[in-house]
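Order of listing sets the numbers, starting from 1, for every ligand and every atom in it. Keep in mind that what you see is a predicted model, and the values were worked out from it rather than measured.
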Amino acid sequence: MELKPARVFEQFAKINQIPRPSKHEEKMIEFLKEFGKSHNLETKVDKTGNVLITKSATKGMENAPTIILQSHIDMVCDKLVDVDFDFYNDPIQTYVDGEWLTAKGTTLGADDGIGVAYELAILDSDDIEHGKIECLFTVDEETGLTGAFGLEPNWLTGKYLINLDSEDEGQIFVSCAGGVTTDNLFKYKREEAPAGYFFMEASVKGFIGGHSGDDINKKRANAIKVLGRFLYMEQSKMDLRLVEWNSGKMDNAIPRDGKVLFAVPAAEKENVMADWNIFTKGIEEEYHVSDPNGVFSIESKELAQ
Ligand SMILES: [Zn+2]
């Protein structure tokens, strides 16, 4: 069976011969240096191990903007328990299964070997029109992005980068779901709840959740936001005092559950209950959640004042 585009799979077959576990990409770096040399292309390696191969514009394309193509050269190494395989030395054994190219008992390394293969195919070609191209191959994406983090400063001259490590075929993503960890520190003063205040606990549980990057466009309810919306609404109507907030476990997961404890003037208790019922009906519709098992609950709490 002929795999297409043929010249991409020709390159992919070559790199499958080269062991490349994360943090052990030496053989792949050597291969890329050799590749650059044999193709007469300027090739650099930074101290982190990232490789940059530059190819000048084809005739008539000299004024086109420089494009950076980027992929990572390490792969996730996993195998079936009964397969005897040494990821540091053995070449990946591929075969075609139906319409899939796959590997015998091991990970295939298409993540991100296929991205690497696309870059090599373009570098290898003499019939694809392009402006100046900077092919960047980074190390160790899979275990901490240390390659990208350690990239030599001012190495690249292009302003446009196409990352060749996406998950969905036939789709191009503009920008990306980056991750930023923010630590917020603020001071607050605890105070006694005023006399005659009533404590209540509202909770949501069992939302679908998901990855904060990959699933963020799927309209999934976020427990922190849902509870925040409710408290914000109530706060504008009455003197609501927050006692305890408990939601959110991981910084890359959409929170599925949450619980808030708050106090309101005793006279507002029934209003809060009524508002909660209307509010959660709205959430059910907005996020298509059904509430057979008590996704939403609110109850009074006896607390010693
Ligand atoms: Zn990847």
Partners of D90 by side chain to side chain contact (heavy atoms under 4.5 Å, CB included), sequence neighbours excluded?
F85, D86
Under 2.8 Å from the Zn ion (ligand 1), which protein N/O/S atoms are there?
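Correct list: H72 NE2, D111 OD1, D165 OD1, D165 OD2.
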Cation over ring, K219 on Y287, under 6.0 Å and within 45°?
yes
Does the pair R7 and D124 meet the rule for a salt bridge (charged side-chain N to carboxylate O under 4.0 Å, His left out), with working shown?
CA-CA 9 Å; R7 55 175 116 185; D124 186 50; over 6 Å; no
Who passes ring-ring contact (aromatic ring centres under 6.0 Å, His included) against F35, sequence neighbours left out?
H39
List for me each residue that meets ring-ring contact (aromatic ring centres under 6.0 Å, His included) alongside F31, sequence neighbours excluded, and say none if there are none.
none
Pair H72, D111: side-chain N/O donor-acceptor within cut-off below 3.5 Å:
yes
